[in-house]
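Input: a single structure, listed below in structure tokens.
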Amino acid sequence: MPATDLLTEDVDLTPLRNIPDDEELPANQGLLAADRDVFVAKLAVLAAGLPEVSSAAEQAGPGAQEGAEPPAVTLENLVRTGMVTLWRGGSRRDRGPVGGVDLPLLSLREAILNEPPSGRAADGSAAPIEEGDVLLLGGAAEGARLASPAELGAVPGPGITVLRPDPRVLDSWFLAGCLGASPNTRRTARSRGIGSRSASLDTGRLRIPVLPLSRQRSVAAVFRQLSSFSSALADAEQFGQETARRLVDALAAGTVVPLSSDPSDHP
């Protein structure tokens with residue numbers, strides 16, 4: 001701003017009042033058509049993303065009961081017998097490295113939002129996250145998932161529980177998928193109480209089916225497919241919402257019109 005414009009008695013120095021409007025221009029028909037093609041392609045990926053399954057009783061053969069569940073073991077027993085190693089995240093530390101140890105620190109918020117760790121941990125006693133580890137967030141089984149590549153090597157912060165299954169007896173994807181199933185999420189919700197902020201985890205209430213490793217891996221492959229499907233679904237939903245908003249803006253601005261101007265053609 002020229003200095004002379006600021007020498008009056010009543011001056012508003014708020015920068016925003018002097019910044020030109022840089023609003024996004026409404027999309028034209030070509031861009032909207034491209035958006036629609038992309039969205040249709042995302043829907044096609046989703047349609048092919050749901051895996052097919054068959055009845056367990058049919059595969060088991062004659063005499064098998066429909067709906068019969070395999071025996072199950074609690075997470076508490078898996079930890080007690082050494083099939084799963086469990087530890088919880090500690091306090092945040094930013095004092096600098098102790099004994100030369102300085103690792104990334106993954107906060108609960110970053111884990112929930114799938115953001116890379118931004119803090120630093122100066123406590124060498126905490127074990128870092130490794131490939132194949134399963135993360136439980138906020139003391140709940142809902143959303144149990146494998147650690148992402150960006151989280152490997154980081155120390156878990158408060159509210160994060162890490163499970164490390166013995167790969168000789170338990171598949172990581174199988175463990176994560178079973179923990180996140182509805183019966184387990186309901187059990188943790190009841191044990192924590194409605195509205196509770198506690199991050200404690202009652203491992204005695206979480207149940208995992210007992211299956212041979214080969215069958216675990218077969219189920220785990222489908223769990224992995226469903227994880228990819230959920231990610232693709234979230235991406236398609238976000239893109240669809242953005243596309244709808246751009247279409248609304250373009251129609252309101254008059255840069256595009258319906259294919260027919262006759263309202264009777266668009267009931």
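Remember, it's a predicted structure, so these values are computed and weren't measured experimentally.
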Can you see which heavy atom on [X] is nearest to which on [Y], and at what distance?
{"X": "I208", "Y": "C178", "result": "CD1-CB, 4.0 Å"}
{"X": "A236", "Y": "L46", "result": "CB-CD1, 3.8 Å"}
{"X": "A27", "Y": "A250", "result": "O-CB, 3.4 Å"}
{"X": "A150", "Y": "P116", "result": "CB-CB, 4.3 Å"}
{"X": "F229", "Y": "G49", "result": "CD1-C, 3.9 Å"}
{"X": "A176", "Y": "A144", "result": "O-CB, 3.8 Å"}

Are the side chain of [X] and the backbone N or O of [Y] linked by a donor-acceptor pair below 3.5 Å?
{"X": "Q216", "Y": "V169", "value": "yes"}
{"X": "T255", "Y": "N28", "value": "no"}
{"X": "S218", "Y": "R215", "value": "no"}

Hydrophobic clusters here meaning ILVMFWY residues chained together by side-chain heavy-atom distances under 4.5 Å, can you tell me if [X] and [Y] are in one?
{"X": "M83", "Y": "V73", "answer": "yes"}
{"X": "L78", "Y": "V210", "answer": "yes"}
{"X": "I112", "Y": "L152", "answer": "yes"}
{"X": "L31", "Y": "V38", "answer": "no"}

Is the count of non-hydrogen atoms from other residues, nucleotides or ligands lying under 6.0 Å from [X] atom [atom1] greater than 12?
{"X": "E142", "atom1": "CD", "value": "no"}
{"X": "E131", "atom1": "CD", "value": "no"}
{"X": "R80", "atom1": "CZ", "value": "yes"}

Quick one: hydrophobic cluster around L251, which other residues, with the 4.5 Å side-chain cut-off, linked directly or via members?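 Via sub-4.5 Å side-chain contacts, L251 links to L32, L247, V256.
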Please report the interatomic distance [atom1]([X]) to [atom2]([Y]), rounded to the nearest 0.5 Å.
{"X": "R88", "Y": "I160", "atom1": "CZ", "atom2": "CD1", "value": "13.0 Å"}
{"X": "L206", "Y": "L179", "atom1": "CG", "atom2": "CG", "value": "6.0 Å"}
{"X": "T74", "Y": "R205", "atom1": "OG1", "atom2": "CZ", "value": "12.0 Å"}
{"X": "L50", "Y": "L226", "atom1": "CG", "atom2": "CG", "value": "7.0 Å"}
{"X": "I129", "Y": "L103", "atom1": "CD1", "atom2": "CG", "value": "10.5 Å"}
{"X": "D35", "Y": "T243", "atom1": "CG", "atom2": "OG1", "value": "4.0 Å"}

Salt bridge (Lys or Arg N to Asp or Glu O under 4.0 Å): which pairs involve residues 231-241, sequence neighbours left out?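 Found K42-D235.
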Checking E110 against S118 for the side-chain contact (heavy atoms from CB on, under 4.5 Å) test, could you report, in this order, the C-alpha distance in whole Å, the side-chain angles of both residues, the deciding distance, and whether it holds? CA-CA 8 Å; E110 290 165 342; S118 60; 2.3 Å; yes
Looking at T203, N77, L170, which hits side chain to side chain contact (heavy atoms under 4.5 Å, CB included) with V84?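 With V84 as partner, side chain to side chain contact (heavy atoms under 4.5 Å, CB included) holds for just one option, L170.
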Can R120 and L105 be said to form a side-chain contact (heavy atoms from CB on, under 4.5 Å), step by step? CA-CA 5 Å; R120 304 301 297 180; L105 177 70; 5.7 Å; no
Where do V162 and L135 land on the side-chain contact (heavy atoms from CB on, under 4.5 Å) test, with the steps shown first? CA-CA 5 Å; V162 183; L135 305 184; 3.9 Å; yes
With under 30° as parallel and over 60° as perpendicular, where do the rings of F39 and F239 fit, or are they tilted in between?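 Rings of F39 and F239: parallel, as their planes differ by under 30°.
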If you look only at pairs with a residue in residues 163-173, which of them pass as a side chain to side chain donor-acceptor pair (under 3.5 Å), with sequence neighbours excluded?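 Sorted result for residues 163-173: D133-R164, D166-R168.
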